[in-house]
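Shown next, in structure tokens, is the structure this report addresses.
Atoms within each ligand, like the ligands themselves, are counted from 1 in listed order.
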Amino acid sequence: MKDVKTVGIIGFGVMGAAIGLNAAANGYRVVYKEINDDLVKSMYDKFVTKPLSKRVGQGKMTQADMDKTCSMIKGTTTYKDLSACDLIIEAAVEKMDLKIQIFKELSDALPKDAIIVSNTSTFLIEKLMEKVANPERTAGLHYFFPANVNRLVEVINQKNTSEDTYKALMAFSKQNKKVPITVKDFPGFAINPIFISSYLVLNSFLGGKYNVATLEKVSQEVLGVKYGIMWVQNGSGLGTAYHAGTSMVEYLAKSEIGFPPVPNQLKQMFESGKLWNLEDGPVLQDPTERAVVGNSLLGSIFCISTHLIEKGVVSVKDLELGVCTALAWPKGPFTLMNEMGIDGALKRVKMAVEAGYFKMPRKFASGDLKPWDL
Ligand SMILES: NC(=O)c1ccc[n+]([C@@H]2O[C@H](COP(=O)([O-])OP(=O)(O)OC[C@H]3O[C@@H](n4cnc5c(N)ncnc54)[C@H](O)[C@@H]3O)[C@@H](O)[C@H]2O)c1
């Protein structure tokens, strides 16, 4: 297994910088590549000097620790300066052609045993790595926003990923105090299909008797969270939400899994440049009307979670851990199903299938009412 000591990061934006800071704080040397000298400097100022100085000013970090972390991070504009890196994490903008080109250039420029991974949110890893020599050293390493705080990392095995590469990435993630889960290459991987389908379903109810405040409240209640799905969607931005939703629909809507369509309500709000107004009126009190939303949301979560297991994308245990860690839900989808009883879950799954969000998962189609083995 490769002993990772030096990490290269391609693209030092929101995600790349947080990934680099996390690695530097845990003892790795970090070399990041940006497009030009101005960006090398401005990204360092924005994502390293400024936030760390603030922490020192607030007494949350010592000046000595800040100096040590800063000394571990260097910027460059050339691939040549990445030649000592054992692991390269690509976190450039989400454009497939650009990423494929970056991986080709990395493959040409670096030693053939450097591990190469992408932090893409939406593209299949196998496709991105198609021009990389020795694809057994490629994989996905998917961090979650904000990557310095959110502890989940999906370690994504594409069909060529070797056991050694996988083990090195698990060890690297643990050394960085992250919670890694093992995931197969699949559109959106394991967590995003659940989160994205949840907001698409919820957004589709907006209008008439359902305002944003009601949808937010219902999602808080059925999932037992302090911040509901509309709130979280605002955090990552409705542009990201819209594009990620569109991508998932393209990949899955016509497959044997299915996927809820992107509702006009989301498209319009994203195009208006605004965020959901979480205080847009009184919360609907009628329990029956609220249950329609809550049960549709849960049914959709149960459908996609079951499909992910049946497709072998992730294990029940890792999906529970992943959802609770990345999305901060107190209970994962399988615990929720077991607690309400599988017959109750089936009722909700049927609602999601009848609404056209998903195809019926095999477990429910076969009438298997055994609780999930957690
Ligand atoms: N923001 C999120 O919530 C989030 C979460 C998980 C994964 N991701 C994924 O992480 C990746 C980065 O997203 P982000 O939000 O940090 O974007 P960002 O726009 O903040 O940062 C991207 C950086 O890449 C740089 N860049 C572009 N082309 C480059 C090249 N050829 N060489 C070197 N640098 C280059 C840009 O200058 C920019 O600084 C995307 O693939 C995104 O899908 C984002």
Can you tell me which residue and heavy atom of the protein come closest to atom 27 (C) of ligand 1, and the distance to 0.1 Å? Ile35 CD1, 3.6 Å
Atom 33 (C) of ligand 1: which protein heavy atom is closest, and how many Å away? Lys33 O, 3.4 Å
Exceeds 12 heavy-atom contacts within 6.0 angstrom, atom CG of Asp286: yes
Hey, is NZ on Lys267 packed in by over 12 heavy atoms from elsewhere, all under 6.0 Å? no
Kindly indicate whether a cation-pi arrangement holds for Lys33 with Tyr79, taking the cut-offs as under 6.0 Å to the six-membered ring centre and within 45° of the axis. yes
Taking atom 6 (C) of ligand 1 as the point of reference, which of Phe144, Tyr143, Phe145, Tyr32 owns the nearest heavy atom? Tyr143
Should the pair Asp45-Lys41 be classified as a salt bridge under the 4.0 Å nitrogen-to-oxygen rule? yes
Of the protein's non-hydrogen atoms, which lies at the shortest distance from atom 21 (O) of ligand 1, and what is that distance? Gly13 CA, 3.3 Å
Looking at atom 39 (O) of ligand 1, what's its closest protein heavy atom, distance included? Glu34 OE2, 2.5 Å
Atom indices of ligand 1, in the order listed, that fall short of 4.0 Å to a heavy atom of Thr120: 41 (O)
Contact check, Lys99 vs ligand 1, heavy-atom distance below 4.0 Å: yes
Please confirm whether the backbone N or O of Glu339 pairs with a side-chain atom of Lys331, one donor and one acceptor, at under 3.5 Å? no
Can you tell which part of Leu98 has a heavy atom less than 4.0 Å from ligand 1: side chain, backbone, both or neither? side chain
Do Glu94 and ligand 1 have an N or O pair less than 3.5 Å apart? yes
Using protein heavy atoms only, decide if any is under 4.0 Å from atom 1 (N) of ligand 1. yes
Is the distance from the ring center of Phe259 to that of Phe358 below 6.0 Å? yes
Can you list the atoms of ligand 1 that are under 4.0 Å from a heavy atom of Ile10? 32 (N), 33 (C)
Suppose I only count heavy atoms of Met43 and a 4.0 Å limit; which atoms of ligand 1 are within that range? 39 (O)
Taking the minimum heavy-atom distance to atom 22 (C) of ligand 1, which of Gly11, Ala147, Ala18, Ala91 ranks first? Ala91
With a 4.0 Å cut-off on heavy atoms, is His142 touching ligand 1? yes
Looking only at non-hydrogen atoms, the one of Val14, Val93, Asn119 nearest atom 10 (O) of ligand 1 is Asn119
Report whether Met61 and Ile73 are members of the same hydrophobic cluster (ILVMFWY, side-chain heavy atoms less than 4.5 Å apart, transitive linking). yes
When distances are taken from atom 8 (N) of ligand 1, the protein heavy atom at minimum range is Ser121 OG, 3.2 Å
Under 4.0 Å between a side-chain nitrogen and a carboxylate oxygen: does that hold for Glu310 and Lys363? no
Look at atom 5 (C) of ligand 1 and say which protein heavy atom is nearest, naming residue and atom and giving the distance to 0.1 Å. Met15 CE, 3.5 Å
Around atom 31 (N) of ligand 1, find the nearest protein heavy atom and jot down its residue, atom name and distance. Ile102 CD1, 3.6 Å
Does Lys217, at its NZ atom, have more than 12 non-hydrogen atoms belonging to other residues, nucleotides or ligands within less than 6.0 Å? no
In this structure, are over 12 heavy atoms from other groups packed under 6.0 Å from Lys254 atom NZ? no
Any side-chain to backbone donor/acceptor pair from Glu90 onto Ile10? Under 3.5 Å, distance only. no
Please work out, at 4.0 Å between heavy atoms, whether the side chain, the backbone, both, or neither of Thr240 comes within that distance of ligand 1. neither
Taking the six-membered ring for Trp, is the centroid-to-centroid distance between Phe334 and Phe302 below 6.0 Å? no
Quick test: of every protein heavy atom, which one is nearest to atom 11 (C) of ligand 1, and how far off is it to 0.1 Å? Ala92 O, 3.3 Å
